[in-house]
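Note: hydrogens, waters and symmetry copies are ignored here, and every other heavy atom, side chains too, is used. Below, chain A is the first sequence line, B the second, and so on; all start at residue 1.
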2 protein chains.
Amino acid sequence: MSGDERRRVILQAAVELFSQHGFKGATTKEIAKASGVSEAMLFRHFENKDALYEAIIETKGCRESATKFAWDNDEALIKAIAEKDDAAVFYRLGFTILEKQQSNVPFMRLLLYSALEEHDLAERFFHEFVERVYEFIGGYIAKRQKDGAFRKVKPRLAVRALLGMLLHHSLNNILWDKSGVLLKISNDEAAKGFADILLNGLNAKEA
Amino acid sequence: MSGDERRRVILQAAVELFSQHGFKGATTKEIAKASGVSEAMLFRHFENKDALYEAIIETKGCRESATKFAWDNDEALIKAIAEKDDAAVFYRLGFTILEKQQSNVPFMRLLLYSALEEHDLAERFFHEFVERVYEFIGGYIAKRQKDGAFRKVKPRLAVRALLGMLLHHSLNNILWDKSGVLLKISNDEAAKGFADILLNGLNAKEA
DNA sequence: CTCGCATAAGTAAGTGCTTACTTACCGAAG
DNA sequence: CTTCGGTAAGTAAGCACTTACTTATGCGAG
């Protein structure tokens, strides 16, 4: 196997294990074993454990999706924003964030760990992600408030609400995968439901 | 210092460190040092690390508040439920959950870690907490739907939304305490804001 | 009051195992 | 014969947990 190939295999195994056990919890021995090489090989490809973690975050599927979200290329989202179709906007936003969990990087788990563990890199990663979401969604909410379409709620509080729903949903589905005790809700249904709740609330429309 | 006193001191230090670094991340050496005794003393008071963790969860301020929530004694909540004052109900629920963070046990952090770490005890703890919340709040929502006061949204989805807001809010405030980068929102304001969003949504009332 | 002694509170210095990381070496391809 | 992908066998430090031992604290009998 060539160097580049091996590197990718190691990264893939590392992502899996870091997102499962966190930075501290995942061991280099495990990662090496999971990628089918000796620990020594791992340390030839990556200077140390930190460098390995950094490489994951710098990875296309992670940092880029954390900061850019590929939102720029989401036609459904662009169309929804242009048409001021709020339900579609929030649905697309939620869905694309949630689906990252399913993609090559178990994004949400990595994100939650990075918020808890005291690791500079991880913390910066979390902050960048959250800030970016606040900017994007918060900006949209503020705009719609100016339009008179949204009530005057602190945009940041609304973002915190939406992001919280999504994070908690991911957390629950992760746990569901492990134990099957909790309720499984599909990402699609959750994204739709959260968008609906966020926009219309629980109160029945007054006649 | 008497045995019981010492035990309490150790528990206090352990709570602090477990909630900061997680179960794996906190070391018995650190915990012993933080409580001003040798490691050997720690292991005289608690059979092993697991037993120490278990003792914390069994603690009044933790398991009981996780499963009972002291909601039975919250007069403001009981009154709000009786009067079907939904805004007050959700505000009280949110506020009491959030305030646990401030109390003797940094509840939310412990909860988040327990959701991520692969530790039977921790997982059970998280499940119990979440199930209990789903039952209580979900039950209330279902009832209000029957009253015709709430729209037909899956109760569990609504609970997931509310709990998610609260968890994420705690996570942000934790990180704020550490870095000061994120927006600090008081628990009171957050609980009020989330209750409002959950009930009324963002959409401006249609004329 | 105090002596004797059991018991609880405490420690220093380990145990064996795991951790991140290293060194010294090997075989094949260019 | 060097360079690259690879390994076996380390190392020092850190982990949960123990051992062997010392001090403090009751507390009933004399």
Side-chain angles (χ1 to χ4, degrees), chain A residues 1-58 110 113-114 116-123 125, chain B residues 1-58 110 113-114 116-123 125:
Chain A
M1 201 182 281
S2 84
D4 266 18
E5 275 176 278
R6 187 98 285 170
R7 207 185 130 96
R8 239 173 299 137
V9 169
I10 295 173
L11 270 173
Q12 194 51 46
V15 162
E16 192 82 17
L17 289 162
F18 279 141
S19 68
Q20 230 171 88
H21 309 294
F23 179 79
K24 281 180 216 156
T27 70
T28 51
K29 195 178 178 180
E30 274 179 331
I31 294 169
K33 197 180 165 193
S35 38
V37 287
S38 65
E39 257 184 291
M41 256 339 271
L42 190 156
F43 284 104
R44 173 159 309 181
H45 282 286
F46 301 93
E47 200 185 341
N48 51 35
K49 204 183 173 186
D50 270 345
L52 181 56
Y53 191 79
E54 192 160 12
I56 287 170
I57 291 181
E58 294 300 342
L110 218 53
Y113 260 120
S114 73
L116 286 171
E117 289 190 314
E118 312 206 303
H119 189 283
D120 286 353
L121 218 56
E123 243 164 80
F125 169 52
Chain B
M1 201 182 282
S2 85
D4 267 17
E5 275 175 277
R6 186 99 287 170
R7 209 185 127 95
R8 241 173 299 136
V9 169
I10 294 173
L11 270 174
Q12 194 52 45
V15 161
E16 192 81 18
L17 287 162
F18 278 141
S19 68
Q20 231 171 86
H21 308 295
F23 180 78
K24 283 180 214 155
T27 69
T28 50
K29 196 177 176 180
E30 273 180 332
I31 294 169
K33 198 181 165 191
S35 38
V37 288
S38 64
E39 253 185 295
M41 259 333 274
L42 189 157
F43 284 104
R44 174 157 310 179
H45 283 287
F46 301 93
E47 201 186 339
N48 50 35
K49 205 184 173 185
D50 270 345
L52 181 56
Y53 191 78
E54 192 159 12
I56 287 170
I57 290 180
E58 295 298 342
L110 219 53
Y113 259 121
S114 72
L116 286 172
E117 290 190 314
E118 313 207 303
H119 189 283
D120 286 353
L121 218 57
E123 243 165 81
F125 169 52

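Sequence order on DNA chain C of the closest nucleotides to A/Glu47 and A/Thr27 puts A/Thr27 first from the 5' end. Take the nearest nucleotide of DNA chain D for B/Lys29 and for B/Arg44: the residue whose nucleotide is more 5' is B/Lys29.
Taking atom CD on A/Glu5 and atom C1' on D/dC4, their separation rounds to 14 Å, with Å as the unit. Atoms CD1 (B/Ile10) and P (C/dT11) sit 10 Å apart, rounded to a whole Å. Between A/His45 atom NE2 and C/dC21 atom C1' the separation is 16 Å, expressed in whole Å. Distance, A/Glu30 CD to C/dA20 C1': 13 Å, rounded to whole Å. Residue B/Leu42 contributes atom CG, which lies 10 Å from atom C1' of D/dA16 at whole-angstrom precision. The CZ atom of B/Phe46 sits 15 Å away from the P atom of D/dT18 (whole-angstrom rounding). Rounded to whole Å, atom C1' of C/dA20 lies 17 Å from atom OH of A/Tyr53. When the P atom of D/dG10 is taken as reference, atom CZ of A/Phe43 falls 18 Å away, rounded to whole Å.
Regarding contacts with the backbone of C/dG10, every side-chain N or O of B/Ser38 stays at 4.0 angstrom or more from both OP1 and OP2. For C/dA8, the OP1/OP2 oxygens have no side-chain nitrogen or oxygen of B/Arg6 closer than 4.0 Å.
Among D/dT19, C/dT23, C/dA20, the nucleotide with an atom closest to any side-chain atom of A/Thr28 is C/dA20. Distances from the side chain of B/Met41 to the nucleotides D/dT18, C/dT22, C/dG10 place C/dG10 closest. The side chain of B/Ala40 lies closest to D/dT19 when the candidates are D/dT19, D/dC17, C/dC21.
Under a cut-off of 6.0 angstrom, the local environment of NZ in B/Lys33 is sparse, with at most 12 non-hydrogen atoms contributed by other residues, nucleotides or ligands. Within a 6.0 Å radius of CD in A/Glu118, more than 12 heavy atoms belonging to other residues, nucleotides or ligands are found.
No engagement by B/Ala51 is indicated, since no non-hydrogen atom pair under 4.0 Å with the nucleic acid exists. Using a 4.0 Å heavy-atom cutoff across all strands shown, B/Ala26 reaches sugar-phosphate atoms only and no base atom.
Between B/Phe18 and B/Tyr113, the distance from one ring center to the other does not fall under 6.0 angstrom.
Summarising the geometry of B/Leu42 relative to B/Ala32, their closest heavy-atom pair is CD1-N, 3.7 Å, with the distance given to 0.1 Å. B/Asn48 and B/Phe43 make their closest contact through CA-CE2, 3.8 Å (heavy atoms, listed as atom of the first residue, atom of the second, distance).
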